[in-house]
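Each remark here refers to the structure printed beneath this line.
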Amino acid sequence: MSIFSPGFQGRPRPRSDRTPPGQYLTDDFPVLSAGPTPRIDLNRWQFSITNELGRQYTWSWPQFMSLPQAKPRVDIHCVTRWSKLDTDWQGVAFDTLLENVETQAEFAYVTSYGGYTTNLPLEDLLDGRAWIVHTYGGQDLHPEHGGPARLLIPHLYLWKSAKWVKSIQLLDQDEPGFWETAGYHSYGDPWREQRYQGD
Ligand SMILES: Nc1nc2c(c(=O)[nH]1)N[C@H]1C(S)=C(S)[C@@H](COP(=O)(O)O)O[C@H]1N2
Ligand SMILES: [Mo]
């Protein structure tokens, strides 16, 4: 059944009104990584946001972990057609991280440890719609799934949710990331089935 990618394991479950078009529900949590899993020492971990004027805001691991914590329960949708409902995470909302960041920029360009990149409009990081998470299902986020910390942006296809997130550059102009350069949609709304450029 060619409709299922290698990342899709298990039996498709009945669709629900929470299943975007062309998606199938799974209880598994497939791993999809374009390269090897980077090992990141928490003593050296840092996350930074750089604004369009070059000003950098940086958090060490203890600084990041001392920020107000959120516990999103969300549905996630991978462009390879699996969706998973009611996933439980813990982390820091971007509203918190961006609180004191001065910017007029419209776009965000995300870079991960290991070199993966992706892009999205800055406003999609706001209004309680995006987090940097460090816990999944009550446990430290497994390295394969992006630990120690990854992006979680459930209203866009999961390739936007960069694992092992390292930094975000705020830009006046949109800049395509790894999959976007390879032909994936620059925005990636699962409900509008924006899988590839031109969708
Ligand atoms: N750094 C990094 N982040 C990444 C990827 C990747 O290859 N590298 N793959 C993306 C894709 S295509 C998907 S579907 C999800 C998969 O997350 P998971 O492996 O935790 O299921 O991570 C996204 N984030
Ligand atoms: Mo994906």
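Residue numbers start at 1 and run along the sequence shown. As the structure lists them, so they are numbered: ligands from 1, and atoms in each ligand from 1.
- Nearest to atom 9 (N) of ligand 1 by heavy atom, out of Leu32, Ile153, Val165, Thr118, is Leu32.
- In terms of polar-atom proximity, defined here as any N/O pair under 3.5 Å, Gly35 makes no such contact with ligand 1.
- Considering only non-hydrogen protein atoms, atom 1 (N) of ligand 1 sits nearest to Lys163 O, 3.0 Å.
- Neither the backbone nor the side chain of Phe178 comes within contact range of ligand 1; no heavy atom lies under 4.0 Å.
- Atom NZ of Lys84 sits in a crowded spot, with more than 12 heavy atoms from other residues, nucleotides or ligands closer than 6.0 Å.
- Of the polar atoms of Arg150, at least one N or O is found under 3.5 Å from an N or O of ligand 1, judged by distance alone.
- Ring-plane geometry between His134 and Phe64 is classed as perpendicular, the angle between the planes exceeding 60 degrees on a 0 to 90 degree scale with a lower cut at 30.
- With sequence neighbours left out, the side-chain hydrogen bond (donor to acceptor under 3.5 Å, both in side chains) criterion links Glu102 to Arg55.
- Of the N and O atoms on the side chains of Ser33 and Glu144, not one donor lies less than 3.5 Å from an acceptor on the other residue.
- Atoms of ligand 1 found under 4.0 Å from any heavy atom of Trp164 (numbered from 1 in listed order, with element): 1 (N), 2 (C), 8 (N).
- When only interatomic distances are considered, the shortest N/O to N/O separation between His145 and ligand 1 falls below 3.5 Å.
- Here is the list of ligand 1 atoms found below 4.0 Å of a heavy atom in Ala162: 3 (N), 24 (N).
- Under a 4.0 Å criterion applied to the non-hydrogen atoms of Ser112, ligand 1 contributes the atoms 1 (N).
- For atom 23 (C) of ligand 1, the nearest protein heavy atom (residue, atom name, distance) is Leu158 O, 3.3 Å.
- Distances below 4.0 Å separate heavy atoms of Ala34 from the following atoms of ligand 1: 6 (C), 7 (O).
- For ligand 1, the polar-atom distance check finds no N/O of Trp179 at less than 3.5 Å from any of the ligand's N/O atoms.
- Applying the 4.0 Å criterion to heavy atoms of Cys78 picks out, from ligand 1, the atoms 14 (S).
- Not one N or O of Trp82 is nearer than 3.5 Å to an N or O of ligand 1, by distance alone.
- A donor-acceptor pair shorter than 3.5 Å can be found between the side chains of Trp159 and Glu180.
- Gln194 and Asp199 make their closest contact through CA-CB, 3.8 Å (heavy atoms, listed as atom of the first residue, atom of the second, distance).
- Remark: distances from the non-hydrogen atoms of Pro30 to ligand 1 include one below 4.0 Å.
- The shortest separation from a heavy atom of Gly146 to ligand 1 is not under 4.0 Å, leaving the residue out of contact.
- Around atom CD of Glu123, no more than 12 heavy atoms belonging to other residues, nucleotides or ligands sit under 6.0 Å away.
- Enclosure of atom CD in Gln56 by more than 12 non-hydrogen atoms of other residues, nucleotides or ligands within 6.0 angstrom is indicated.
- Following chains of ILVMFWY side-chain contacts shorter than 4.5 Å, one cannot reach Tyr157 starting from Leu125, and the two form parts of different hydrophobic clusters.
- Ligand-side atoms of ligand 1 in range of Ser161: 22 (O), 23 (C), 24 (N), range being under 4.0 angstrom from any heavy atom.
- Counting only heavy atoms of the protein, atom 12 (S) of ligand 1 lies nearest to Trp159 CB, 3.4 Å.
- With a 4.5 Å cut-off on side-chain heavy atoms, Lys160 and Leu151 do not count as touching.
- Taking the six-membered ring where the residue is Trp, His145 and Tyr136 present tilted rings, their angle falling between 30° and 60°.
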